[in-house]
Amino acid sequence: MSRFQPNEIEPKWQAAWEKAGTFTARHDPDRPKYYVLEMFPYPSGNLHMGHVRNYTMGDVVARYKAAQGFSVLHPMGWDAFGLPAENAAMERKVHPGDWTYANIENMKRQFASLGLSLDWSREFATCDPGYYGQQQAMFIDFMEKGLVYRKNAVVNWDPVDMTVLANEQVEDGRGWRSGAVVERRELTQWFFRISDFSEDLLEALDGLDNWPEKVKSMQRNWIGRSRGLQFSFSTVSAPEGFDRIEVYTTRPDTLMGASFIGVSPDHPLAKALERDNPDIAAFNAECRKTGTSEEALEKAEKKGFDTGLRVRHPFDTGWELPVWIANFILMDYGTGAIYGVPAHDQRDHDFAVKYGLPIIDTFLPAAGDHDIRAAAYVPPKSEPVRYTRGFAGDEVQTGEAAIEAAIRFCEGNGIGQGVTRFRLRDWGLSRQRYWGCPIPVVHCDACGVVPEKKENLPVELPRDVSFDKPGNPLDRHPTWRDVPCPHCGRPARRETDTMDTFVDSSWYYARFTAPHATTPTDPVEADYWMNVDQYIGGIEHAILHLLYSRFFARAMHLTGHLPQKAIEPFDALFTQGMVTHEIYVTRDDRDRPVYHLPEHVEWTENGAQLGATGEPVEVIPSAKMSKSKKNVVDPVNIVSSYGADTARWFVLSDSPPERDVEWTAAGAEAAFRHLSRVWRMANEIATATGEGTGDTELLREVHKTIHDVTMGIESFGFNTSVARLYAFTNTLHKSKAGADARRQAMRVMAQLMSPMTPHLAEEIWALLDGEGLVAEAPWPQADPAMLVEDTVTMPIQINGKRKAEIAVARDLPKEDIEKRALAHDAVVKALNGGAPKKLIVVPGRIINVVI
RNA sequence: GCCCGCGUGGUGGAAUGGUAGACACAGGGGACUUAAAAUCCCCAGGCCGGAAGGCCGUGCCGGUUCGAGUCCGGCCGCGGGUACCA
């Protein structure tokens with residue numbers, strides 16, 4: 001017998017599938033469709049284990065659903081715009097387009113070796129003009145529907161490189177290349193009105209029954225609906241135009257505990273004051289040196305500046321409160337101004353202690369006490385508390401009741417009004433970069449902002465650009481920028497901002513239903529294939545990508561590009577865990593981290609070191625594999641030495657799909673050994689003859705295995721399906737059943753393995769005279785009658801601890817089980833002549849004797 | 001900081017509130033072999049014990065329950081997101 005040789009059988013079956021057109025999606029009105037989609041990859045140039053895991057999972061679902069008779073759509077494409085291409089252009093003097101398409105070619109070849117059941121005829125990259133041109137057409141439609149607008153927003157500005165930085169490019173407040181302190185700078189930018197959909201995007205989450213609760217929970221918090229009071233304080237001797245300061249609070253019941261007013265450094269009042277006050281200007285400038293990310297702002301040391309202005313408390317005009325500028329107040333949320341209640345907010349408490357501001361309690365525990373000097377008192381809003389400075393509602397009431405009472409009271413007294421607000425901000429889509437989808441508008445001195453004519457789309461990126469200077473090459477392109485106005489024909493300027501790459505990935509699922517259509521979608525195809533029945537991707541996309549896609553589907557429906565049923569485009573979502581790996585780092589002469597690929601690191605008795613130089617390497621615990629940290633593993637080596645089936649089997653077997661998995665080399669060898677063993681068994685069985693014993697027992701195991709493996713796939717418990725197939729391999733190996741029974745068992749096993757190890761499954765299927773391709777064979781059915789056992793083993797617990805077990809007939813009445821249990825030696829001994837306090841019998845499950 | 005997860009043997013993990021550790025990896029013992037590889041068989045949570053058996057055990061502390069890895073509360077640690085990484 002020859003050996004198991006994946007590099008021979010895998011290309012053979014890949015060719016057979018291609019010849020048969022097995023994976024070509026067919027619009028077949030007579031069959032139920034199933035659309036399975038994995039989040040498409042960024043073409044970094046190399047497949048990594050995270051891809052293998054993600055796409056193998058999707059492939060299991062796709063192949064399984066096909067076997068169940070569905071007309072399956074399982075497409076693949078490339079999320080091809082983005083920063084790394086521009087970085088490559090700067091570092092290696094290659095054109096971003098050339099770099100990207102070369103990466104795609106390379107990765108596609110690697111993909112092919114995995115034997116995924118993909119319909120490559122639908123492939124596209126988001127950087128194809130054919131794709132982004134349709135995106136531009138939709139942008140224009142969105143403009144017409146009022147879903148797009150422009151406003152000022154802040155960006156990270158590198159004053160040395162004179163360029164806008166991504167948050168990722170800001171390290172400790174400094175630009176990653178220049179090392180310059182980053183500043184916040186305002187630019188006019190394009191926005192989608194996603195916040196118009198806040199309520200709908202929130203409410204509709206309740207209907208997404210097949211989404212993970214954690215993702216819905218994250219989105220709910222992100223959208224962040226809050227109920228509160230908006231009102232204004234009247235100011236004392238403020239600059240002109242600032243007679244009032246508008247604030248929003250979710251805790252109006254604490255108004256009598258107000259201690260100060262805080263405004264954002266970006267608040268109009270703060271900006272007005274800094275014109276005449278150099279100290280305020282200096283403070284604000286200092287605040288603006290914090291990056292734009294929420295994380296940076298929130299983690300920064302809380303600082304304030306007393307403006308000297310005062311406001312009057314709305315309940316008591318003799319009570320004046322100081323107005324501070326505080327660096328932790330975000331201009332983007334609420335009104336950019338708050339009042340601080342140190343007694344009931346820890347951040348305000350810290351601030352009050354730091355600057356010697358009063359701490360005034362408004363409520364205390366209903367029973368007991370709380371030292372308000374030491375820490376803020378912040379009980380859950382649902383907990384009843386005793387109001388010491390209440391002004392509406394009962395003395396003892398919950399925060400929730402008090403908030404509503406306070407809103408009613410204030411509204412009744414002409415002090416502001418109750419409002420519902422959302423944390424969700426509009427989606428800023430402008431990027432000052434080259435490698436993205438051009439925003440298809442023209443700026444004309446006479447006509448203003450004019451959309452490009454649709455017949456002129458796509459607005460293509462110019463090829464001839466240089467990256468020798470930082471900043472957006474489109475901005476300094478000699479000819480691309482200067483165009484006639486589409487409206488009046490006079491000289492005008494193209495918009496040089498491109499779109500956020502999240503726009504590209506917000507509708508690709510819809511484009512896959514008609515990837516070659518001359519409109520963004522084709523109504524007939526969209527109607528047949530939408531929605532995505534199963535979407536699979538990383539948890540890191542739980543909020544932004546998925547929320548933006550939900551918004552985009554709604555916007556596409558409003559502009560006639562998707563049917564009503566597709567406004568929630570993903571019927572079911574599965575978030576797989578990440579593939580993690582240790583990180584290897586050394587420091588450069590400026591003590592900045594330099595990351596190293598695992599393949600460049602060697603382990604010695606002194607620890608990890610660089611293979612080339614022997615320089616010691618610091619090992620940082622496992623984290624998400626990312627190109628920037630270089631903690632990536634190349635699966636190509638595994639495929640070339642063990643074959644795709646081994647790689648697939650391994651990534652499915654070692655960890656539950658939703659959990660992170662740390663990649664190890666150890667398991668690959670074991671996976672290969674197992675598949676070799678299965679292959680050997682199939683060869684033995686193929687030539688076996690004669691009768692044996694235990695045919696029925698083997699058949700029962702076959703049916704139990706069908707059941708368990710099927711349940712595993714249905715519930716995304718691929719690792720348990722794999723474990724079950726391991727166990728069945730052992731069973732079949734030990735079985736003394738006759739040749740026919742073992743052949744039948746082996747054929748079923750090939751079918752059950754086919755979604756996971758499709759090449760080996762085909763080989764075995766052919767070896768055992770299976771009909772046609774196993775990839776096109778119907779899924780085996782478990783016979784329910786074969787699944788039930790006649791006797792069951794029941795554990796006997798005494799006081800909740802297992803002490804014995806008895807075997808009873810499956811349908812033995814409860815009373816008889818009780819009798820049998822009480823008669824058991826261990827129970828008799830434990831009872832010592834007495835009667836049990838309680839006897840719990842769950843038939844088929846457990847017996848618990850309480851003494 | 002805030003939001004969301006996760007935490008089980010040496011390792012990856014299994015377990016509708018009902019026998020914790022299935023199935024593997026690494027390890028140990030044995031068979032086969034001149035030998036090795038490969039393959040096959042067996043052992044294996046910890047502690048005590050020759051064994052029978054006993055005690056402990058799912059990050060930590062507490063609670064609900066006849067019964068908690070699973071549910072609830074509070075900690076600790078790790079990870080993801082934090083609106084310009086994708």
Side-chain angles (χ1 to χ4, degrees), chain A residues 3 39 41-42 44 79 81-84 155-156 164-170 194 212-222 224 292-300 302 328 332 346-347 423-433 500-502 504-505 538-545 547-548 575 577-578 580 621-624 626-628 653-656 658-662 664 666-667 669-671 673-674 676-677 680 717 719-720 722-727 729-730 733 793-797 799-805 836-840 842 844-850:
Chain A
R3 291 183 304 122
M39 291 179 185
Y42 179 81
S44 60
D79 189 14
F81 276 134
L83 272 183
V155 293
N156 296 308
V164 177
L165 298 178
N167 286 332
E168 190 191 47
Q169 298 173 315
V170 180
I194 188 173
E213 276 306 320
K214 64 178 169 185
V215 173
K216 290 190 278 186
S217 173
M218 281 188 256
Q219 293 214 354
R220 280 189 194 102
N221 288 325
W222 185 261
T292 58
S293 74
E294 184 189 305
E295 186 190 3
L297 290 169
E298 289 280 342
K299 278 187 176 166
K302 308 296 178 282
F328 56 84
D332 286 324
Q346 191 56 44
R347 193 171 58 184
R423 204 186 78 101
L424 180 65
R425 309 199 296 255
D426 276 333
W427 173 6
L429 67 117
S430 286
R431 296 292 179 271
Q432 293 72 40
R433 306 190 194 291
D500 178 7
T501 56
F502 274 124
D504 313 332
S505 56
I539 186 65
E540 67 270 27
H541 295 294
I543 297 176
L544 292 180
H545 162 62
L547 191 61
Y548 289 156
T575 54
M578 284 165 297
T580 65
S622 274
K624 172 174 87 157
S626 80
K627 221 173 140 48
S628 62
S653 67
D654 235 31
S655 205
E658 69 278 10
R659 204 130 106 192
D660 290 355
V661 60
E662 167 135 26
T664 69
E669 179 71 32
R673 279 205 306 269
H674 176 74
S676 303
R677 185 182 185 215
R680 275 198 311 277
N719 57 322
T720 57
V722 168
R724 197 64 188 80
L725 285 163
Y726 265 109
T729 308
N730 292 335
H733 181 73
T793 304
M794 290 182 65
I796 300 175
Q797 295 182 335
N799 288 339
K801 292 197 170 198
R802 195 190 80 91
K803 294 290 174 181
E805 62 182 35
K837 259 192 212 156
K838 200 166 179 178
L839 186 61
I840 286 131
V842 184
R845 276 279 168 208
I846 203 157
I847 301 151
N848 191 6
V849 186
V850 184

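By convention in this document, chain letters (A, B, ...) are assigned in the order of the sequence lines, proteins followed by strands, and residues within each chain are numbered from 1.
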- Query: Could one point to a donor on the side chain of A:Q432 or the base of B:rC84 with an acceptor on the other under 3.5 Å away?
  - Reply: yes
- Message: Taking B:rG50 as the reference, what is the distance to B:rC61 when you measure between their P atoms (whole Å, please)?
- Response: 31 Å
- Message: Any salt bridge linking A:R347 with A:E298? Criterion: basic side-chain nitrogen under 4.0 Å from a carboxylate oxygen.
- Response: yes
- Query: What is the pairing partner of B:rG79, taking Watson-Crick or G-U wobble pairs with both distances under 3.5 Å in any strand?
  - Reply: B:rC4
- Query: For B:rC23, which nucleotide is its Watson-Crick or G-U wobble mate, given both distances must be under 3.5 Å?
  - Reply: B:rG12
- Message: I'd like the P distance from B:rA31 over to B:rA36, given in whole Å.
- Response: 11 Å
- Query: Do A:N221 and B:rC3 share a donor-acceptor pair, side chain to base, under 3.5 Å?
  - Reply: no
- Query: Counting only Watson-Crick or G-U wobble pairs whose two distances fall under 3.5 Å, which nucleotide matches B:rU70?
  - Reply: none
- Item | Shortest side-chain distance from A:R845, nucleotide among B:rA20, B:rU16, B:rC2 | B:rU16
- Does A:R433 make a side-chain donor-acceptor contact with the base of B:rC84, cut-off 3.5 Å? yes
- Item | Heavy-atom check, side chain of A:T292 versus side chain of A:V155, under 4.5 Å | no
- How far, in whole Å, is B:rC25 from B:rA44 if one measures between their C1' atoms? 14 Å
- What is the distance, rounded to the nearest whole Å, between atom NE2 of A:H674 and atom C1' of B:rU39? 15 Å
- Query: A:W222 has an atom CH2; how far is it from atom P of B:rA83, in whole Å?
  - Reply: 6 Å
- If you check the A:M218 side chain, which of B:rC4, B:rC55, B:rU82 turns out closest? B:rC4
- Note on the structure: Assigned chi class of B:rG9 under the 90° convention is syn
- Message: What is the distance, to the nearest angstrom, from the CG atom on A:L544 to the P atom on B:rC3?
- Response: 18 Å
- Message: When the C1' atoms of B:rU58 and B:rG49 are compared, how many Å lie between them, rounded to an integer?
- Response: 26 Å
- Query: What integer distance in Å separates A:E295:CD from B:rC2:P?
  - Reply: 13 Å
- Item | Base partner of B:rU64, which must satisfy Watson-Crick or wobble distances under 3.5 Å | none
